[in-house]
Amino acid sequence: MTNERIASTANQLIDGFDTTAHHLIEAWLDGSERLGAAARQRWDAAFEQAKPQLSAETRKNATHARKVLGGYYTRGTEMTASGAAIAVDTVVQAARVAVERAAQWPQARA
């Protein structure tokens with residue numbers, strides 16, 4: 001097998017990894033959003049059921065807590081997905097550089 005074929009095959013594998021990893025990150029983010037939506041629905045249903053038994057201050061605190069916790073969850077999932085995408089991009093870039101250098105190595109030795 002020639003260096004060009006090996007490099008071409010390696011680059012195809014890297015491209016496949018890149019595409020698949022980004023699709024998985026997007027799928028994870030979509031799943032996290034669905035989970036957040038389900039949690040919000042459950043919270044709202046439980047809050048409506050308990051509302052008559054709660055004082056005005058407790059209702060206000062519970063509403064504030066939902067907003068704060070929901071914001072933390074949203075920002076956390078976005079940061080995690082962004083970090084994963086950066087990690088994938090970094091690994092892919094390093095792998096491409098490694099393949100390129102490995103393909104050039106025999107020529108440099110000649």
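Remember, it's a predicted structure, so these values are computed and weren't measured experimentally. As a basis for the values below, the full set of heavy atoms in this structure was taken, side chains included, without hydrogen atoms, waters or symmetry mates.
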> Could you check if a side-chain atom of Glu33 sits within less than 4.5 angstrom of a side-chain atom of Thr77, using non-hydrogen atoms only?
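No - every pair of side-chain heavy atoms lies 4.5 Å or more apart.
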> Which is it for Glu78 and Arg75 under the salt bridge (charged side-chain N to carboxylate O under 4.0 Å, His left out) test, yes or no, and what are the steps along the way?
CA-CA 5 Å; Glu78 288 171 356; Arg75 283 189 298 274; over 6 Å; no
> Measure the spacing between CZ of Arg40 and CZ of Arg42 and express it to the nearest 0.5 Å.
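Going from the CZ atom of Arg40 to the CZ atom of Arg42 covers 14.5 Å.
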> Can you confirm whether Asp15 sits close enough to Val92 that some side-chain heavy atom of one is under 4.5 Å from a side-chain heavy atom of the other?
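Not touching, per the 4.5 Å side-chain cut-off.
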> How far does CG of Leu54 sit from CZ of Phe47, to the nearest 0.5 angstrom?
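CZ of Phe47 is found 6.5 Å from CG of Leu54.
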> Are any non-hydrogen side-chain atoms of Arg96 and Val99 less than 4.5 angstrom apart?
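A side-chain contact is absent here, since even the closest heavy-atom pair is not under 4.5 Å.
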> Flag the pair Glu100 / Asn11 as yes when at least one side-chain heavy-atom distance between them is below 4.5 Å, and no otherwise.
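When only atoms from C-beta onward are counted, Asn11 and Glu100 do not touch, as no gap falls below 4.5 Å.
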> Taking the side chain as C-beta and beyond, is there a heavy-atom pair between Asp44 and Arg66 under 4.5 Å?
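Yes, at least one pair of side-chain atoms sits under 4.5 Å.
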> Could you pull out the closest heavy-atom pair between His22 and Asp89, with the gap in Å?
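Closest pair (atom of His22, atom of Asp89, distance): NE2-OD1, 2.8 Å.
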> Answer yes if Val91 and Leu24 sit in the same cluster of Ile, Leu, Val, Met, Phe, Trp and Tyr residues linked by side chain heavy atoms under 4.5 Å apart, and no otherwise.
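Val91 and Leu24: separate clusters.
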> Check for a donor-acceptor pair, side chain of Thr90 on one end and backbone N or O of Ile86 on the other, with a separation under 3.5 Å.
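Flag set: sc Thr90 to bb Ile86 pair under 3.5 Å.
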> Going from CH2 on Trp28 to OG1 on Thr80, what distance comes out if it is rounded to the nearest 0.5 angstrom?
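The CH2 atom of Trp28 sits 4.5 Å away from the OG1 atom of Thr80.
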> Compare every heavy atom of Tyr73 with every heavy atom of Ser32, then report the nearest pair and how far apart it is.
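Here Ser32 and Tyr73 meet closest at O-OH, 2.8 Å.
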> Quick one: pull up CE in Met79 and OG1 in Thr74 and give me the separation to the nearest 0.5 Å.
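If I round to the nearest 0.5 Å, the distance is 12.5 Å.
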> Check Lys51 with Glu48, please: is the shortest side-chain N to carboxylate O separation under 4.0 Å?
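A salt bridge is present here (some side-chain N lies under 4.0 Å from a carboxylate O).
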> Can you spot which of Thr19, Thr20, Ile25 makes a side chain to side chain contact (heavy atoms under 4.5 Å, CB included) with Val88?
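Single side chain to side chain contact (heavy atoms under 4.5 Å, CB included) partner of Val88 among Thr19, Thr20, Ile25: Ile25.
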